[in-house]
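To start, the structure itself, in structure tokens.
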Amino acid sequence: MYYDRPRKRKKPEEVLKREEAAREKRIEEKRREEKFSLGRFFFETPVHEPKGYQEEEDREDREDIGENEPREKKKHFLSKACALFLAGVFVLSLLLYFLPVGLFGSRSKDMYLANNDLPSGYVHVLLVGVDVDSTGTSRSDTMIVASVSRGDIKLTSLLRDTGVTIPGRSGKHRLNAAYAYGGIDLLLKTVNQNFGLNITRYAIVDYDSFPKIIDKLGGVTLTVSDAEANEINDNVRGLLYMDVKNGKREYDAGYQLYLDEILKKGGENLRLDGLQTLGYARIRSLDSDYGRTNRQRKVLSAILSQVKKHPLKLISAAGTALGEIDTNMNTLEIASIALKGITGGVPEQTRLPASGTYTDNGGMFENVDFKANLSRFLDFVYE
């Protein structure tokens, strides 16, 4: 015997209208809840089943709500976590930007003979590029004082041929010899004692590590003359030859890389990779150490300009850079200085000793007026 299934009773029109009105009310309340304040967003979980409508719902409506509720809670949790993370990054960035760098680390001024009295407002970092000559001696062929304040950075090259007195040694020596005699500690003492500065922070990169950092940044865009392009080719060949000689590269691999690196000519806005950029920074035979230090500052300025336009490149290169750079600064110090520096305009540049403050004997700058050079430095940085 067959029985007809009981037919579902149709709800009265008035009940359907009430249910529809209640459903619209719930939707409206949910929309209002999505516009909650920042405080409620961080510390409250929104109510997905607003009170006020207590009437029994259809079985199908209850099942729909039961299926969607965990998904809604999960989405809200992820949104809250992302917002908390971004808020934390924002607050940390503000602290790193506005608070003095000294709060994130301290250095002994006595250790580096850095008790000279300079105005506040800038933190000075000695950037050092180290090369190894044919005898295996490491010399600081690049020395740049980066003076950083909020939204401002100024670069001062210290010429390597400057005649200086080196603590613990008699007579006059070229400035870049201090690193060879006693490493970065002796170099900082020498710079502070002769130029009257108070530098206690440093960052060192050798010529093996520099190309890796540049390549991680995606190269550097520079304007290069035809004569400079030829010098870059010669310098790259020399660098690769030393790698082959020291067993760092196989001959065939080194020669093929050299062929790949050759610049046929110069040009404006030329994209140089790591080896080519190092070759550019080492050019000296075209002019003098003045021109060489000027190119080195141009490289730093180009890096800063690219990082300002594409800050994500700095983040992607940070791991490589920190692994290749020798520094006595901690991560917070580096982040604070970097954030202060990259928010400014184009870095101003100069070099010391200034013209007219020394005599040149052809191999070393003698009779340097260091008081006059300190005055030039103060005018340049603190003007």
Side-chain angles (χ1 to χ4, degrees), residues 127-132 141-142 144 146 155 157 203-287 291-327 338 341-342 346-347 349:
L127 308 179
V128 182
V130 176
D131 191 14
V132 179
D141 279 350
T142 300
I144 298 177
L155 304 175
S157 292
I204 308 170
V205 60
D206 61 39
Y207 286 172
D208 287 333
S209 301
F210 181 77
K212 300 176 185 177
I213 298 172
I214 297 300
D215 287 338
K216 195 64 178 180
L217 288 168
V220 174
T221 301
L222 294 166
T223 296
V224 177
S225 69
D226 290 341
E228 288 174 329
N230 289 331
E231 290 295 319
I232 290 172
N233 293 337
D234 287 343
N235 287 339
V236 169
R237 182 174 62 245
L239 290 165
L240 293 174
Y241 171 76
M242 290 302 297
D243 282 354
V244 172
K245 183 179 179 180
N246 295 329
K248 296 179 181 179
R249 299 180 193 271
E250 295 293 334
Y251 177 84
D252 290 342
Y255 182 68
Q256 183 58 52
L257 181 56
Y258 167 66
L259 295 179
D260 295 339
E261 293 284 322
I262 289 177
L263 295 174
K264 295 182 179 180
K265 61 178 182 178
E268 294 185 2
N269 299 320
L270 200 63
R271 195 71 167 181
L272 303 183
D273 64 17
L275 269 176
Q276 293 166 338
T277 304
L278 178 56
Y280 174 84
R282 298 188 71 186
I283 296 173
R284 188 181 185 187
S285 59
L286 283 180
D287 31 49
R292 190 177 67 93
T293 56
N294 184 47
R295 293 185 189 93
Q296 292 168 355
R297 295 193 302 273
K298 284 182 178 180
V299 170
L300 280 179
S301 296
I303 292 172
L304 287 170
S305 297
Q306 290 178 201
V307 168
K308 289 174 186 178
K309 295 177 182 177
H310 308 285
L312 291 179
K313 285 188 177 181
L314 177 62
I315 298 173
S316 66
T320 299
L322 291 175
E324 299 293 340
I325 292 175
D326 179 18
T327 180
I342 65 176
V346 177
Q349 307 176 28

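Basis for what follows: all heavy atoms, side chains included, without hydrogens, waters or symmetry-related copies.
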Using only atom types and a distance under 3.5 Å, with no angle test, would you say the side chain of [X] pairs donor to acceptor with the backbone of [Y]?
X	Y	result
D226	G266	yes
R295	I283	yes
D215	G274	yes

What pair of heavy atoms forms the shortest contact from [X] to [Y], and how long is it?
X	Y	answer
E324	S209	OE1-OG, 2.7 Å
I144	S157	CG1-OG, 3.8 Å
S301	Q349	OG-NE2, 2.9 Å
A229	V224	N-CG1, 3.6 Å

**Study point:** CA sep, side-chain torsions, deciding dist, call: L270, Q276, side-chain contact (heavy atoms from CB on, under 4.5 Å)
**Key:** CA-CA 11 Å; L270 200 63; Q276 293 166 338; over 6 Å; no
Check your understanding: Can you name the residues that form a salt bridge (Lys or Arg N to Asp or Glu O under 4.0 Å) with D234, not counting sequence neighbours?
Key ->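 Once residues adjacent in sequence are excluded, the partners of D234 under the salt bridge (Lys or Arg N to Asp or Glu O under 4.0 Å) criterion are R237.
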Atom [atom1] in [X], atom [atom2] in [Y]: separation rounded to 0.5 Å?
X	Y	atom1	atom2	value
L155	L304	CG	CG	7.0 Å
L217	D273	CG	CG	12.5 Å
D206	I325	CG	CD1	10.5 Å
K298	T293	NZ	OG1	11.0 Å
L272	Y280	CG	OH	8.5 Å
L278	Q296	CG	CD	9.5 Å

Residue pair [X] / [Y], side-chain heavy-atom distance below 4.5 Å:
X	Y	answer
L240	L275	yes
Y258	V244	no
T142	Y207	yes
L300	P347	no
I303	I213	no
L263	V236	no

Review point. Which class fits the ring pair Y251 and Y255: parallel under 30°, tilted 30 to 60°, perpendicular over 60°?
Key: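 Parallel.
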Review point. Between M242 and L239, does a side-chain contact (heavy atoms from CB on, under 4.5 Å) hold up when you go through it step by step?
Key: CA-CA 5 Å; M242 290 302 297; L239 290 165; 5.9 Å; no
Review point. Sequence neighbours excluded, which residues qualify as side chain to side chain contact (heavy atoms under 4.5 Å, CB included) partners of T221?
Key: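 Side chain to side chain contact (heavy atoms under 4.5 Å, CB included) list for T221, sorted by chain: N269, R271, Q306.
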Exercise for review: Take K248 and D208 through the test side-chain contact (heavy atoms from CB on, under 4.5 Å) and record every step on the way to the result.
Suggested key: CA-CA 10 Å; K248 296 179 181 179; D208 287 333; 2.6 Å; yes
Point to revise | D141 and R292 ion-paired at < 4.0 Å | key: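 The answer is no: the pair does not qualify as a salt bridge.
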Review point. Under 3.5 Å, is there a donor-acceptor pair between the D260 and Q256 side chains?
Key: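 On atom types as modelled, these side chains qualify, holding a pair under 3.5 Å.
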